[in-house]
Amino acid sequence: MPTRECVSSNLVQKNTSPQVKAGKLLPALMLLLFCVLCTWLGLMASAPYSSAKQWHEANEKLYQQLQTLRLQNQRRELELQALQTPAGIERAARELGYLRPNEYTLRLPSNSGAP
């Protein structure tokens, strides 16, 4: 038959177990909460940088388009200057099929026949 001391010691052990678990659980929950908070702060701090990166990429794309359009504009300006000369006017007219007086168009047959 157990003595009173054994019974009282069993009761003490049963009562201390939940306190020990609660004592270990609280720091673990605090650590978990701290990690969640740090992750959230990290995401909030990186948000401006990710949007700035998207803006930079969009600006780079627009800059490339601007450079392409500037080159096309320069080419067309040179072409316009060339068309304002007599030789340029003649070249443009010939491309459209115009001929000078007393000139004839020479048309060659296709090369599909035997020699």
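Remember, predicted model here, so these are calculated numbers, not experimental data.
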Item to check | Test side chain to side chain contact (heavy atoms under 4.5 Å, CB included) applied to Glu77 - qualifying residues, sequence neighbours left out | outcome: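 Side chain to side chain contact (heavy atoms under 4.5 Å, CB included) check on Glu77 returns Asn73.
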Checklist entry - Of all residues at least two apart in sequence or in a different chain, which pass the side chain to side chain contact (heavy atoms under 4.5 Å, CB included) check with Leu69? => result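 Applying side chain to side chain contact (heavy atoms under 4.5 Å, CB included) to Leu69 gives Gln72.
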Checklist entry - Under the side-chain hydrogen bond (donor to acceptor under 3.5 Å, both in side chains) rule, what pairs show up with a residue in residues 42-62, not counting sequence neighbours? => result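 Matches after skipping sequence neighbours: none remain.
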Item to check | Under 4.5 Å side-chain linkage, directly or through intermediates, the cluster mates of Leu106 | outcome: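 Via sub-4.5 Å side-chain contacts, Leu106 links to Leu108.
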Next on the checklist: Please give the remaining members of the hydrophobic cluster of Met44, linking ILVMFWY side chains under 4.5 Å, ordered by chain and number.
Outcome noted: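 For the cluster that includes Met44, the remaining residues are Leu37, Trp40, Leu41.
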Contacts under 3.5 angstrom, residues 91-100 side chains, donor-acceptor by atom type, not counting sequence neighbours:
unit_1, atom_1, unit_2, atom_2, d
Arg91, NH1, Glu95, OE2, 3.4
Arg94, NE, Glu90, OE2, 3.2
Arg94, NH1, Glu103, OE1, 3.1
Arg94, NH2, Glu90, OE2, 3.4
Arg94, NH2, Glu103, OE1, 3.1
Arg94, NH2, Glu103, OE2, 3.0
Arg100, NH2, Glu90, OE1, 3.1

Next on the checklist: Please enumerate all residues that pass side chain to side chain donor-acceptor pair (under 3.5 Å) together with Gln67, with sequence neighbours excluded.
Outcome noted: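 Gln67 satisfies side chain to side chain donor-acceptor pair (under 3.5 Å) with Tyr63 only.
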